[in-house]
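Below: the structure, in structure tokens.
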Amino acid sequence: MRKVITFGTFDVLHIGHVNILKRAKKLGDYLIVGVSSDALNFSKKQRYPVYPESERLEIIRSLSCVDEVFIEDSLELKGEYIKKFKADVLVMGDDWLGRFDEYNDLCKVSYLPRTSGVSTTELISQIKKYN
Ligand code: C2G
């Protein structure tokens, strides 16, 4: 069984998130998703996600292409997560191109193209315009 692991916040779920998860699953048989914690998100972006981690975890768990989920507590723990889940492939969007090449020693690292024209940040600013 070929295991694929990927990570993300997946706040305000949109088609770009679904596309990357479906494509990640196609690279193997079993898809594990590390959902970034609220605290990790705050440390990265200085704001909390719209949906709390418990809800983001449950939403991602409910997708048919996802087999297993867990909370990602730190960006620096990727190597530990890859070993713990015995992942064969690490998938990230190409906005992270080159950032995780160090894990090539542990598994294959694959960057997939982002879906253009959609992002959580753009959705939030669009929603703010609806009064
Ligand atoms: N994504 C995509 N297309 C978009 C938007 C996002 O393919 N239009 C991908 C990203 O490249 C990422 C995944 O969807 O691989 C999740 O995106 P985010 O929720 O923005 O996650 P991010 O903040 O990049 O967190 O440990 C890594 C980080 O936690 C990733």
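Sequential numbering from 1 along the given sequence is applied to the chain's residues. Heavy-atom basis, side chains included; hydrogens, waters and symmetry copies ignored. Computed from a prediction, not measured in an experiment: that's the story for all the values here. Indexing begins at 1, ligand by ligand and atom by atom, following the structure's order.
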Review point. Hey, does the Lys NZ or Arg CZ of Lys78 hover above the aromatic six-ring of Tyr103, less than 6.0 Å from the centre and inside 45° of the axis?
Key: no
Check your understanding: Would you say the side-chain atoms of Thr120 and Asp11 include a donor-acceptor pair closer than 3.5 Å?
Key -> no
Review point. Can you find a heavy atom in the side chain of Val33 that is under 4.5 Å from one in the side chain of Glu68?
Key: no
Review point. In chain order, what residues pass the side-chain contact (heavy atoms from CB on, under 4.5 Å) check against Asn104, with sequence neighbours excluded?
Key: Asp101, Val109
Ligand 1: which protein N/O atoms lie under 3.5 Å from its N/O atoms?
| residue | atom | partner | partner atom | Å |
| --- | --- | --- | --- | --- |
| ligand 1 | 3 (N) | Thr115 | N | 3.1 |
| ligand 1 | 8 (N) | Thr115 | O | 2.8 |
| ligand 1 | 8 (N) | Val118 | O | 2.7 |
| ligand 1 | 11 (O) | Asp95 | OD1 | 2.7 |
| ligand 1 | 15 (O) | Gly93 | N | 3.1 |
| ligand 1 | 19 (O) | Thr9 | N | 3.1 |
| ligand 1 | 19 (O) | Phe10 | N | 2.8 |
| ligand 1 | 21 (O) | Thr9 | N | 3.2 |
| ligand 1 | 23 (O) | Thr9 | OG1 | 3.4 |
| ligand 1 | 23 (O) | Lys44 | NZ | 3.2 |
| ligand 1 | 23 (O) | Lys45 | NZ | 3.1 |
| ligand 1 | 24 (O) | Trp96 | NE1 | 2.9 |
| ligand 1 | 25 (O) | Lys44 | NZ | 3.1 |
| ligand 1 | 26 (O) | Glu72 | OE1 | 3.1 |
| ligand 1 | 26 (O) | Glu72 | OE2 | 2.7 |
| ligand 1 | 26 (O) | Lys78 | NZ | 2.5 |
| ligand 1 | 29 (O) | Ser36 | OG | 2.6 |
| ligand 1 | 29 (O) | Lys44 | NZ | 3.2 |
| ligand 1 | 29 (O) | Glu72 | OE1 | 3.1 |

Practice item. On the 0 to 90° scale, with breaks at 30° and 60°, tag the Tyr81-Phe70 ring pair as parallel, tilted or perpendicular. Key: tilted
Point to revise | Arg2 (side chain) donor-acceptor with Leu27 (main chain) under 3.5 angstrom | key: yes
